[in-house]
Structures are given as C-alpha cells and as structure tokens.
Protein chains: 2
Amino acid sequence: MARRSGVLELAVLGLLHESPLHGYELRKRVNALLGPLRAISYGSLYPCLKEMVAGGLLATDDEASESAVGRRSRIVYKLTAEGKERLQDQLAEGGPSAWDDDSFGVRFAFFAQTDAEVRLKILEGRRSRLEERREKVTSAFGRTREKLDRYTLELQQHGLESVDREVRWLNELIATERGSVSARPRRVTTK
Amino acid sequence: MARRSGVLELAVLGLLHESPLHGYELRKRVNALLGPLRAISYGSLYPCLKEMVAGGLLATDDEASESAVGRRSRIVYKLTAEGKERLQDQLAEGGPSAWDDDSFGVRFAFFAQTDAEVRLKILEGRRSRLEERREKVTSAFGRTREKLDRYTLELQQHGLESVDREVRWLNELIATERGSVSARPRRVTTK
DNA sequence: TTCGTCATGTAATGGGTTACATGATTAC
DNA sequence: GTAATCATGTAACCCATTACATGACGAA
C-alpha cells in the first residue's frame, strides 16, 4: 500500500481540494508550492496518483473524447469523499510530524484551510523545534570553537543566523495569529 | 561499487585528512559539519566506510589489544595515498556539482584546504545557482500573485528573502576572497 | 521541419532511514 | 544495579530520481 511520502500526498490533496487538475498541471502547482528545492518529478507524481486512486482518495475524470479538441487525452483527478476526509484529518493534525522541515512548508501553505488553534500549535511547535536545533549547534559549538578554521566558523555562524531569522519570522506570525485568535471568545476545543 | 553519495564520502575524506578517527567519532564530526539537517546515521556511515576501505581509499588501523585499556576495540580509519589523491581531486573540482545544495556546505567547510582560485569559482557558481532559483520563483510568482492567499504569499515572500540573504552573504565572501586573491600576481591558472 | 511544451507513464537505481542485534564501559 | 553513552554492524524498507519510451500540437 506504500504511503508515498505524506508530504506529496498532502500537497496533492490540498491542491485538488481547490479544483480538479490533471497530472502535468498538478506537478507544476506542487513544485510552485514546495519551492525549487524538493521539487518533484513525474517519476514520483504519477505513481503516487495511481496509488491514491487505488486507495480511494482520488477519482479520475477522463477528459478524453468530449470537449477536448486536439490534445492527448488528459486524466483529470479530483478528491473523493474519502479524500476530503483524509485532507481534513491531515490538516487537523498539529503534532510533531507537522513541524518537520519537510511537512511544515506544505502545512503552512494550506493554513487558509486550517483551524486557527491548529495553526498556532504548528507555528509554536515549529519554533520550539528550531530552538532545539539552535541549542544543539551552539552547545557543540562552544566545545570546539577554538579548533575551527575561519571557513568552518563562518559556516556555523551563518547557519545559526539563518535559524535565528526563521525564529523571528515565526514570532511575528505567532503574534499575528494570537491577535486574531484571542479576538473571539476562545473556548478550548482541542480535538 | 556503489559510490555512496559523494557528499558523505567527501566529508569522510576531509575529516580523516585532519586526523585518523574511528566510526563513532567520525559520525559526530560529520554531523557537526553537515548540521542538524541532513545528519547521517550509522546505517549510512558504516557501509560507506566499508566500501571506501574496499575501494582502497581508507585503511583500518585496528586499535584492539594495544593501549586501549577497556573499551570495545575501535576501528580507526585513516586515508591511504589513494584516498589523499581522491580528496585533492575532489577539492580541485569547482564545477556545477560543487554548487549543489548538498555539496556546497561540505565544500565550503574544507575551503581551508582548497585552492584560492577554486574557492572563488565555487562561491560564484553557488551565487549564480541561487540567482537562477530566485528568478524562477519570481517569474512564476508574477503570474499568479493575485490568486494566492495570505499564507501562501507569506511563504513565498519568506523563501525569497532567504535566498536574498544567502546571496548577500556570498557577495561578502566573494569580495573578501577577491581581496586576498588579487593581492598576489594572479596568473590565470584555470586548470 | 524542427523545436518546445504538453502529456503520461515505467524500470532501474540510488541513497538514505528505521529498527534491530550485540555488547562493553562509565557514572549515578 | 541500571541507565546512558560508547561502539559496530545488518536487513528491510522508503521515497525519490534518472533515464527511457511514446506521442501529439503549436509556433518559428
């Protein structure tokens, strides 16, 4: 049954929720979403789509003879009821898996469809994840600082500043989210 | 013969060039070098070391009975002549493979052992790589800007700023390198 | 007519992880 | 005595890539 990545699956689910698409177009959207790093290829996408169809998450709406003037017949994918349900489940999940480097970007991209409480949880989780990372580096750092050459030092420094910048970004986002969440009564509805 | 990644191999070669090490320690150093992202596990390192030994790049200096008081006998790895040669070749290579996301960090970490001309070439290559990336994003961006929701927009924006920051960093490094290279006569010795 | 883009797919391969297995030593 | 860390290794699996195969359409 091979779950095919989670990230890719989520990206597909989220994009198809907006509108049905065929594979080729879907790939472009996925790559726009994921950014030039971790862009995916056909060799990943098509098998993934097949499995999602087999798993009952997607339905194909073959756009063959009708309306299409020329063109090779495109296979249009759309969410099934089960697919929508899966998407909702995924988006409701704000646990550790959501603040991984891989997942976070995709999760964030679908924040518009995500519950406000969960958004906050993900942002905070992501931040603490980064802070752990930061601490791990700095502690290993203090022990060996003297021994490192200029370049290695420069690299570590730059990496550290990247993390800091990321954390500052998250802080801003969290502040904004808190503002809009606390505006309404905020009854605790955690799951 | 399975080349086992190049990046990992280079990291191992570079670290062992400084001093012989055993696997466990080597792993810690490699992970410090690569950063918490793309940290590697034993399941990667040990098979890689085995292959490098089989390939004649490394020699094992079994630190069993002698000197070691207690402890499980550690296998200490060091570079062979062939290994040193391979390292030099790798470090002399300043082509496109060196400005990949994966490779660049490792290449940079060993800049102290790298020729000044090659350093410059790698930094410039890396920069243009990032600029390509930037351009690709911004062009796909202009076409769809209006249709994107707040969060997707925020994400793209942040990604873009990250790239810009990276480029600025490279600019500084290049300026510094240029300073020290042009200090000496600078006969063009490109390969 | 040839090149770029649209469009779908498969097979081989690659590079890595997780989980497991084993066992000694050190610090509490 | 028991937990953490040191230390080495294997097997099963995962996810993705590359290269290949195929073909139609539009524009230069």
Side-chain angles (χ1 to χ4, degrees), chain A residues 1-12 20-31 34 36-54 58 60-65 68-77 97 100-103 106 140 143, chain B residues 1-12 20-31 34 36-54 58 60-65 67-77 97 100-103 106 139-140 143:
Chain A
M1 293 273 153
R3 173 83 323 100
R4 285 282 168 189
S5 135
V7 180
L8 180 50
E9 189 185 284
L10 178 56
V12 169
L21 293 169
H22 61 276
Y24 190 85
E25 178 63 25
L26 197 47
R27 188 211 175 206
K28 287 196 296 185
R29 307 262 183 124
V30 169
N31 288 349
L34 300 176
L37 319 93
R38 51 181 123 270
I40 59 138
S41 60
Y42 300 118
S44 293
L45 181 60
Y46 285 119
C48 172
L49 288 173
K50 269 200 165 178
E51 276 169 38
M52 288 175 76
V53 171
L58 305 183
T60 58
D61 198 7
D62 222 80
E63 185 208 60
S65 39
V69 211
R71 282 212 172 87
R72 174 170 189 177
S73 68
R74 309 187 288 190
I75 300 172
V76 178
Y77 297 91
S97 66
D100 282 352
D101 291 306
D102 298 347
S103 315
V106 187
R143 282 191 271 100
Chain B
M1 292 273 155
R3 175 78 327 100
R4 288 279 168 191
S5 132
V7 179
L8 181 50
E9 189 185 284
L10 178 56
V12 169
L21 293 169
H22 61 278
Y24 191 86
E25 177 65 23
L26 196 47
R27 189 213 174 204
K28 287 196 295 185
R29 306 263 182 124
V30 168
N31 287 349
L34 299 176
L37 320 93
R38 52 182 123 271
I40 58 139
S41 59
Y42 300 120
S44 296
L45 181 60
Y46 285 119
C48 172
L49 288 172
K50 268 201 166 176
E51 275 169 36
M52 288 176 76
V53 170
L58 305 183
T60 58
D61 198 7
D62 222 81
E63 185 209 60
S65 41
S67 86
V69 212
R71 284 214 170 83
R72 176 169 185 176
S73 66
R74 309 187 288 191
I75 301 173
V76 178
Y77 296 90
S97 66
D100 281 353
D101 291 306
D102 298 348
S103 314
V106 186
S139 67
R143 284 191 272 102

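Excluded from the calculations below are hydrogen atoms, water molecules and symmetry mates; all remaining heavy atoms, backbone and side chain alike, are included. A, B, ... follow the sequence lines: proteins, then strands. Residue 1 opens every chain. The structure presented is a predicted model; accordingly, all values stated were derived computationally and were not measured.
Between the C1' atom of dA16(D) and the CG atom of Leu34(A) lies a distance of 13 Å, rounded to the nearest Å. The distance between atom CZ of Arg27(B) and atom C1' of dT18(C), rounded to the nearest whole Å, is 12 Å. Here the P atom of nucleotide dT17(D) and the CG atom of Asp101(B) are 13 Å apart, to the nearest Å. Distance OH (Tyr42(A)) to C1' (dA21(D)): 15 Å, rounded to an integer number of Å. The separation between Leu49(B) atom CG and dA7(D) atom C1' is 13 Å, rounded to whole Å. For the pair Leu21(A) CG and dA7(C) C1', the computed distance is 14 Å after rounding to whole Å. Following rounding to the nearest Å, Leu45(B) (CG) and dG15(C) (C1') show an atom-to-atom distance of 14 Å. For Glu51(B) and dG14(C), the CD to C1' distance is 11 Å, given to the nearest whole Å.
Across the helix from dT1(C)-dA28(D) to dC28(C)-dG1(D), the helix axis at one end is tilted relative to the axis at the other end by 40° (nearest 10 degrees, each axis from five pairs).
Side-chain contact between Leu49(B) and Tyr77(B) is present, with at least one heavy-atom pair separated by less than 4.5 Å.
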Stepwise side chain to side chain contact (heavy atoms under 4.5 Å, CB included) check, Leu58(B) with Val12(B): CA-CA 10 Å; Leu58(B) 305 183; Val12(B) 169; 4.2 Å; yes
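The side chain of Ser41(B) contributes an N or O atom lying less than 4.0 Å from OP1 or OP2 of dT17(C). Residue Tyr24(B) places at least one side-chain N or O closer than 4.0 Å to OP1 or OP2 of dC6(D). A close approach under 4.0 Å does not occur between any side-chain nitrogen or oxygen of Lys28(A) and OP1 or OP2 of dT5(C). At dT10(C), one or more side-chain N or O atoms of Lys50(A) fall inside 4.0 Å of OP1 or OP2 (strictly under the cut-off). Taking 4.0 angstrom as the limit, Tyr46(A) places a side-chain polar atom (N or O) nearer than this to OP1 or OP2 of dT8(C).
Taking only side-chain atoms of Ile40(B), from C-beta outward, the nucleotide of dT8(D), dT17(C), dA7(C) with the closest atom is dT17(C). Closest to the Ile75(A) side chain, of the nucleotides dG9(C), dT8(D), dC6(C), is dG9(C). Which of dA7(D), dT10(C), dG16(C) sits closest to the side chain of Ser44(B) comes down to dG16(C). Looking at the side chain of Leu8(A), the nearest of the listed nucleotides dA16(D), dG16(C), dT10(D) is dA16(D).
Thr60(B) places no side-chain N or O within donor-acceptor distance of the main-chain N or O of Ile75(B), the cut-off being under 3.5 Å. Side chain of Asn31(A) to backbone of Ile40(A): a donor-acceptor contact under 3.5 angstrom is found.
For the pair Arg74(A) and Tyr24(A), the NZ or CZ position fails the cation-pi test of under 6.0 Å to the six-membered ring centre and within 45 degrees of the ring normal.
Comparing Arg38(A) and His22(B) against DNA chain D, the residue whose closest nucleotide sits nearer the 5' end is His22(B).
Each of Glu51(B), Met52(B), Lys50(B) was compared with Cys48(B) under the side chain to side chain contact (heavy atoms under 4.5 Å, CB included) criterion, and only Met52(B) meets it. With Glu25(A) as the partner, the side-chain hydrogen bond (donor to acceptor under 3.5 Å, both in side chains) test is satisfied by one option alone out of His22(A), Arg29(A), Arg27(A): Arg29(A).
The side-chain hydrogen bond (donor to acceptor under 3.5 Å, both in side chains) test applied to Asp102(A) returns no partner, not counting sequence neighbours.
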